[in-house]
Amino acid sequence: MPMSEKALIARIRRKAVPGRSIVTGIGDDSAVLKIPKGHQALVTTDFSLEGVHFRREWHPPESVGHRCLARGLSDIAAMGGEPVAAFLSLALPRKLPQKWVDGFMRGFLRLADEYGVSLAGGDTAESPTGVLADIIVLGSVPTGKVILRSGARPGDRIYVTGQLGASAATLKLLLEGKSRIRPSNFRRHFYPVPRIDVGRFLREKNLASAMIDISDGLSTDLAHICEESGVGAEILEQAIPKATIGKPAHAVDIRFALHSGEDYELLFTAQQGKRIPSRIAGVGITQIGQIQRTKNIVMINERGTARELRPQGWQHFHTR
Ligand code: ADP
Ligand code: MG
């Protein structure tokens with residue numbers, strides 16, 4: 001059983017290192033934070049629910065804590081922002097071992113440390129069902145420099161970071177009951193890397209006209225950019241970077257790369273003529289198509305045949 005609420009908060013407080021932006025973190029009724037001069041605040045929140053986003057029999061607690069924070073950091077990355085502080089609301093079942101909570105916090109705080117994010121508060125309660133974790137991440141971005149979903153214009157090129165489909169392809173193996181799923185061979189599912197460094201680079205160099213993180217799948221998230229920007233898109237099936245997973249490594253099915261989320265790669269557009277490096281912060285960047293005036297999304301296959309790409313995001317490969 002987890003230790004008492006008071007003891008648990010004290011333990012979390014000992015492990016959370018307050019950073020530069022934190023005037024007062026854990027321990028008061030509200031956190032007091034500094035936003036750098038000439039910056040705007042970014043705020044994002046995401047649920048991680050047992051049975052929906054993770055399963056305790058599949059995911060080590062370190063992975064659950066890591067993924068919980070990674071979701072929030074990825075949203076900050078997608079705006080071109082810098083993460084500043086995180087808030088964690090946790091509801092834990094009475095029978096949950098304290099060891100599990102410790103593992104969760106270890107995964108969470110390790111990632112927080114890596115990105116200089118301070119855990120500055122949260123809430124703790126008993127859950128009548130499974131583990132529920134709600135993360136809030138506060139970030140900052142120089143005033144007026146934020147990269148929105150709504151900035152894509154006809155003629156802009158479309159890019160993605162990294163490779164797509166690893167997370168959902170791994171989930172499928174888990175669903176099929178494959179026992180030899182070692183998290184270390186499937187890191188993109190268990191320990192996804194939020195693309196903070198890429199987002200920062202694109203913002204600093206003024207390269208991206210619109211951006212989103214791929215949390216629901218390329219087809220769905222590209223549709224979000226198109227809707228918000230009032231445009232359409234044409235992408236090339238062959239250009240889509242399919243992830244490889246497992247050991248020995250094999251490429252995932254194109255459907256995972258197109259329609260599944262939780263890879264937390266970035267999808268962005270840039271004006272034609274902007275020079276986009278083929279690697280940014282060690283991450284490969286691939287051009288996959290271009291924005292068009294006609295408000296639909298089409299994919300062209302290797303034979304040159306165009307077909308409409310409908311958003312078929314997360315429902316298909318979701319854990320439920
Ligand atoms: P209150 O009753 O005023 O909400 P709490 O007793 O819930 O205060 O929390 C005390 C302090 O501990 C607050 O600063 C709160 O932000 C922090 N806190 C509570 N739960 C967590 C958690 N799971 N992670 C991080 N900080 C937490
Ligand atoms: Mg409280």
Side-chain angles (χ1 to χ4, degrees), residues 1-36 39 41-56 59-77 81-140 190-194 196 215 264:
M1 141 177 354
M3 50 179 66
S4 76
E5 179 186 343
K6 197 164 168 234
L8 183 59
I9 295 174
R11 192 178 176 99
I12 292 175
R13 184 177 182 175
R14 274 198 307 278
K15 290 186 176 149
V17 213
R20 277 185 299 126
S21 311
I22 314 298
V23 182
T24 301
I26 297 175
D28 216 313
D29 293 312
S30 300
V32 184
L33 308 173
K34 276 187 290 214
I35 291 288
H39 282 61
L42 303 172
V43 182
T44 176
T45 141
D46 281 286
F47 266 134
S48 293
L49 309 178
E50 184 174 351
V52 179
H53 300 97
F54 67 91
R55 291 202 192 169
R56 259 191 282 157
H59 298 95
E62 288 82 0
S63 162
V64 180
H66 177 110
R67 292 168 92 228
C68 170
L69 179 59
R71 296 161 74 77
L73 292 181
S74 178
D75 283 327
I76 299 292
E82 301 287 344
V84 173
F87 296 83
L88 174 65
S89 293
L90 270 180
L92 306 171
R94 176 169 284 273
K95 57 183 190 306
L96 186 74
Q98 178 58 36
K99 221 176 119 210
W100 194 93
V101 186
D102 289 341
F104 175 95
M105 290 311 304
R106 205 160 36 245
F108 185 101
L109 291 173
R110 195 161 55 200
L111 185 65
D113 257 13
E114 220 174 293
Y115 288 92
V117 183
S118 306
L119 178 58
D123 201 16
T124 307
E126 187 177 324
S127 166
T129 55
V131 174
L132 314 172
D134 189 25
I135 177 81
I136 295 177
V137 179
L138 175 87
S140 77
F190 291 97
Y191 298 98
V193 178
I196 294 287
S215 53
Y264 302 111

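Indexing begins at 1, ligand by ligand and atom by atom, following the structure's order. Along the sequence shown, the residues carry numbers beginning at 1.
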Heavy-atom contacts under 4.0 Å between D123 and ligand 1: side chain, backbone, both, or neither?
-> both

List the atom of L73, the atom of I196, and the distance in Å for their closest heavy-atom pair.
-> O-CD1, 3.3 Å

Closest to atom 25 (C) of ligand 1 among G25, G121, A86 (heavy-atom distance) = G121

Is a side-chain N or O of H66 found less than 3.5 angstrom from the main chain of P192, in a donor-acceptor match?
-> yes

Would you please test L132 and L90 for side chain to side chain contact (heavy atoms under 4.5 Å, CB included) and show each step?
-> CA-CA 6 Å; L132 314 172; L90 270 180; over 6 Å; no

Considering only heavy atoms of L88, which atoms of ligand 1 have at least one such atom less than 4.0 Å away?
-> 22 (C), 23 (N), 24 (N)

Is the closest N or O pair between G122 and ligand 1 shorter than 3.5 Å?
-> yes

Find the distance between OG1 (T124) and CD1 (I9) and round it off to the nearest 0.5 Å.
-> 4.0 Å

Are any non-hydrogen side-chain atoms of R11 and D102 less than 4.5 angstrom apart?
-> yes

Enumerated ligand 1 atoms positioned under 4.0 Å from heavy atoms of D28 | 13 (C), 14 (O)

Numbering the atoms of ligand 1 from 1, which are under 4.0 Å from a heavy atom of I26?
-> 12 (O), 14 (O), 17 (C), 25 (C), 26 (N)

Within the 4.0 Å heavy-atom cut-off, what L8 brings close to ligand 1 is neither

Counting from 1, what ligand 1 atoms have a heavy atom of G27 closer than 4.0 Å?
-> 11 (C), 13 (C), 14 (O)

Where the side chain of R67 meets the backbone of H53, is there a donor-acceptor pair that is under 3.5 Å apart?
-> yes

Under 3.5 Å: donor-acceptor pair, side chain of R71, backbone of F47 = yes

Numbering the atoms of ligand 1 from 1, which are under 4.0 Å from a heavy atom of D29?
-> 3 (O)

Say whether L119, considering both its backbone and side-chain N or O atoms, lies within less than 3.5 Å of an N or O atom on ligand 1.
-> no

